[in-house]
Visitor: 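Let me begin by handing over the structure; questions about it come next.
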Amino acid sequence: MTALTVSDDAPAAFRRAPKRSAARSVAAGAGDIASRAFAVLTPLGRVTAGAGALAWLIGWRLGWNEFMLAAATCAVLLLVAVAFTVGRLDVDVAIAMSPPRVVVGQTARGQLSAVNASHKRLLGLRVELLVGNGVAQFDIPNLGPEQSHDELFAIPTHRRAVIPIGPTRTLRGDPLGLLRRTLSWPDATNLYVHPRTTRLDGLGAGYLRDLEGRTTNDSSTSDVELQTLRDYVPGDDRRYVHWRTSARSGRLMVVQFVDTRRSHIVLLQSGDDAEYASEEEFELGVSVLASLAIRGVRDQQSLGIVAAGRAINTSSVTSVLDGTSGIELAGPRTGLEAAAADARRRNADLTLAVLIAGSTASVTSLRAAAWRLGQDVNAVVFRVDPGATSAVRDIGPALVMTVGALGDLPRLARAATHA
């Protein structure tokens, strides 16, 4: 391999290149150090540094000792602040919520653990934990090698929500807030605040459940509803040969069934804020939705849920509750009529739709939403109105049930199963 060298006879531009590169490297390094030092200064620290520099300049130019004293005071404050900010920030921080899911009104409890994973002593520092839109602060004491420190905290839950817990950041700073060094840790988790629900009995075989499905005009060679007998043709399943009739008629006869379709249920909740008189109504509607969905999942029904324009995962009770924790009011595009039209378009085999709206939703709009589902789809409307007397009303294409309190839902659900 040939080694390339630059001789003294090379052009001057080549000979000066290493010096220029070194100068640029030094300038870049100085700029990087300056930018890091500037980043450590808080807004108050920058004002203090600027005021000190200005006071020194004025005092030096005009010979005023008062300004020189002010500049010295600012310098001392910054030097003391530096002493507070010196030290390592790398500490392992872990967050654990127990339990990670609570119901509205319950207190969620968590634990923040800080571990000094190094072999050197760690000076005390502060840890900030982002909790929703707020910040919780914890003071971590001095930790020896491999030592840990735990901080317990509680989060009161007054409203259904999905609350992000984390990320965390470790920081050092002085009491006056002139300097601040931080190091962020990306680990985060979610706290699910589930809506209140009520236990419902088995929904029976009425509007809200149909084990046998709905019949169609199509014929089938195997189903649950008998239609008639016909002559055997090659390829028919011999399990369905009706031997008694075959012996009497002298030719093979097989059973012909009516084809049925398994019931497919969709729960739709309006997200239009114009259809609710208050946030309390909307929360009651979410509780009604979650209660019905839990019963449907446990009954292993073919179930779909769309709430305020969002599809909810129905694979388990936990996924339903997690999904309903994040439902928020939206606009007219998430109203019942739009939701019903979209549900009909996406689900050709839809047999039952349960609609949930607030007290300000007019009967005309409820009827229009039910008509959008189609005449072959049964519709039940739960109209939430806190404090109202629970009642059942037939509006033609749908059965409307007024829910005044969550405790009234089991009785109304039983009434729907016998409708």
Visitor: Tell me whether Arg367 contacts the main-chain N or O of Ile395 through its side chain, where contact means a donor paired with an acceptor under 3.5 Å.
Guide: yes

Visitor: Show, in sequence, the C-alpha distance, side-chain angles and deciding distance for Thr168 and Ile95, and conclude whether the side-chain contact (heavy atoms from CB on, under 4.5 Å) test is met.
Guide: CA-CA 9 Å; Thr168 58; Ile95 309 165; 3.6 Å; yes

Visitor: For Gln106, is the CD atom crowded, meaning more than 12 foreign heavy atoms sit under 6.0 Å from it?
Guide: yes

Visitor: For Asp394, does the CG atom have more than 12 heavy-atom neighbours from other residues, nucleotides or ligands under 6.0 Å away?
Guide: yes

Visitor: Could you tell me if the side chain of Ser325 sits less than 4.5 Å from the side chain of Pro195, heavy atoms only?
Guide: yes

Visitor: Just say parallel, tilted or perpendicular for the rings of Phe282 and Tyr276, cut-offs at 30° and 60°.
Guide: perpendicular

Visitor: May I ask you to decide if His242's main-chain N or O and Thr245's side chain share a donor-acceptor pair within less than 3.5 Å?
Guide: no

Visitor: Tell me whether the count of non-hydrogen atoms from other residues, nucleotides or ligands lying under 6.0 Å of CZ in Arg393 goes above 12.
Guide: no

Visitor: Taking all non-hydrogen atoms of both residues into account, name the closest pair between Gly45 and Leu78 and its distance.
Guide: O-CD2, 4.3 Å

Visitor: Would the distance check show the side chain of Arg310 and the main-chain N or O of Ile305 forming a donor-acceptor pair, the cut-off being under 3.5 Å?
Guide: no

Visitor: For a 4.5 angstrom cut-off between non-hydrogen side-chain atoms, does Ile294 reach Leu200?
Guide: no

Visitor: With no hydrogens and no angle check, is any side-chain donor or acceptor of Ser287 less than 3.5 Å from a backbone partner on Arg196?
Guide: yes

Visitor: So Val380 and Phe382, do their side chains get closer than 4.5 Å, heavy atoms only?
Guide: yes

Visitor: Please answer whether the main-chain N or O of Ser359 pairs with a side-chain N or O of Glu281 as donor and acceptor at a distance below 3.5 Å.
Guide: yes

Visitor: Check each of Leu355, Val400, Val403 against Arg383 using the side-chain contact (heavy atoms from CB on, under 4.5 Å) test, and report the only one that passes.
Guide: Val400

Visitor: Please test Arg181 against Asp174 for salt bridge (Lys or Arg N to Asp or Glu O under 4.0 Å), starting from the C-alpha separation and ending with a verdict.
Guide: CA-CA 10 Å; Arg181 291 172 56 218; Asp174 62 285; over 6 Å; no

Visitor: Can any side-chain N or O of Arg172 pair as donor or acceptor with the backbone N or O of Gly124 at less than 3.5 Å?
Guide: yes

Visitor: Between Glu128 and Arg180, does at least one N-O distance fall below 4.0 Å, as a salt bridge requires?
Guide: yes

Visitor: Measuring only between side-chain heavy atoms, which start at C-beta, is Leu178 closer than 4.5 Å to Phe84?
Guide: no

Visitor: In Å, rounded to the nearest 0.5 Å, how long is the span from CD1 of Ile163 to CD1 of Ile165?
Guide: 6.0 Å

Visitor: Can you list the steps and then say if His149 with Gln147 is a side-chain hydrogen bond (donor to acceptor under 3.5 Å, both in side chains)?
Guide: CA-CA 7 Å; His149 177 77; Gln147 277 191 336; over 6 Å; no

Visitor: For a quick test of reading the model, state the closest non-hydrogen atom pair linking Ser270 to Gly335 and the distance between them.
Guide: OG-CA, 3.7 Å

Visitor: I would like to know whether Thr351 and Asn378 meet side-chain contact (heavy atoms from CB on, under 4.5 Å); could you show each step before the answer?
Guide: CA-CA 6 Å; Thr351 59; Asn378 293 326; over 6 Å; no

Visitor: Just how far is it from atom CZ of Arg295 to atom CG of Leu409, taken to the nearest 0.5 Å?
Guide: 12.0 Å

Visitor: Apply side-chain contact (heavy atoms from CB on, under 4.5 Å) to Val241 and Ser246, showing your working.
Guide: CA-CA 8 Å; Val241 173; Ser246 299; 3.9 Å; yes

Visitor: Could you measure the distance from the CG atom of Asp272 to the CD atom of Glu337? Nearest 0.5 Å is fine.
Guide: 10.0 Å

Visitor: What's the shortest heavy-atom distance between Val320 and Thr314, and which atoms?
Guide: CG2-CA, 3.9 Å

Visitor: More than 12 heavy atoms of other residues, nucleotides or ligands under 6.0 Å from CD of Gln375: yes or no?
Guide: no

Visitor: Within the distance-only criterion (no hydrogens, no angle test), does the side chain of Asn313 pair as donor or acceptor with the backbone N or O of Ser315 below 3.5 angstrom?
Guide: yes

Visitor: For the CZ atom on Arg346, are there more than 12 heavy atoms of other groups (residues, nucleotides or ligands in this structure) within a distance under 6.0 Å?
Guide: no

Visitor: Please report the interatomic distance CG(Leu123) to CD1(Ile140), rounded to the nearest 0.5 Å.
Guide: 13.5 Å

Visitor: Leu112 versus Asp150: any side-chain heavy-atom pair under 4.5 Å?
Guide: no

Visitor: Give a yes or no on whether the backbone of Thr198 and the side-chain of Ser291 come within a donor-acceptor separation of less than 3.5 Å.
Guide: yes

Visitor: Donor-acceptor pair, distance only, cut-off 3.5 Å: does the side chain of Arg344 make one with the backbone of Leu373?
Guide: yes

Visitor: Go through it in stages, so that I can follow the logic: the residues are Leu191 and Ile155, the test is side-chain contact (heavy atoms from CB on, under 4.5 Å), and I'd like the CA-CA distance, side-chain angles, deciding distance and then a yes or no.
Guide: CA-CA 10 Å; Leu191 171 65; Ile155 302 176; 4.3 Å; yes

Visitor: Going by heavy atoms in the side chains, are Leu176 and Leu77 under 4.5 Å from each other?
Guide: yes

Visitor: Are Arg109 and Leu152 side-chain neighbours, meaning at least one heavy-atom pair lies under 4.5 Å?
Guide: no

Visitor: Check this for me: does any side-chain nitrogen of one of Asp342 and Arg333 sit under 4.0 Å from a carboxylate oxygen of the other?
Guide: no

Visitor: Does Glu328 pair with Arg159 as a salt bridge, N-O distance under 4.0 Å?
Guide: yes

Visitor: Taking all non-hydrogen atoms of both residues into account, name the closest pair between Leu284 and Leu406 and its distance.
Guide: CD1-N, 3.8 Å

Visitor: Between the main-chain N or O of Leu143 and the side-chain N or O of Asn116, is there a donor-acceptor pair closer than 3.5 Å?
Guide: yes

Visitor: Arg126 and Asp139: which non-hydrogen atoms are nearest, and at how many Å?
Guide: NE-OD1, 3.0 Å

Visitor: Any side-chain heavy atom of Val193 within less than 4.5 Å of one from Val162?
Guide: no

Visitor: Rounded to the nearest 0.5 Å, how far apart are OG1 of Thr324 and CZ of Arg160?
Guide: 7.0 Å

Visitor: Quick one: OG1 on Thr182 to CG on Leu125, what's the gap to the nearest 0.5 Å?
Guide: 12.0 Å

Visitor: Can you see which heavy atom on Ala388 is nearest to which on Thr402, and at what distance?
Guide: CB-CG2, 4.3 Å

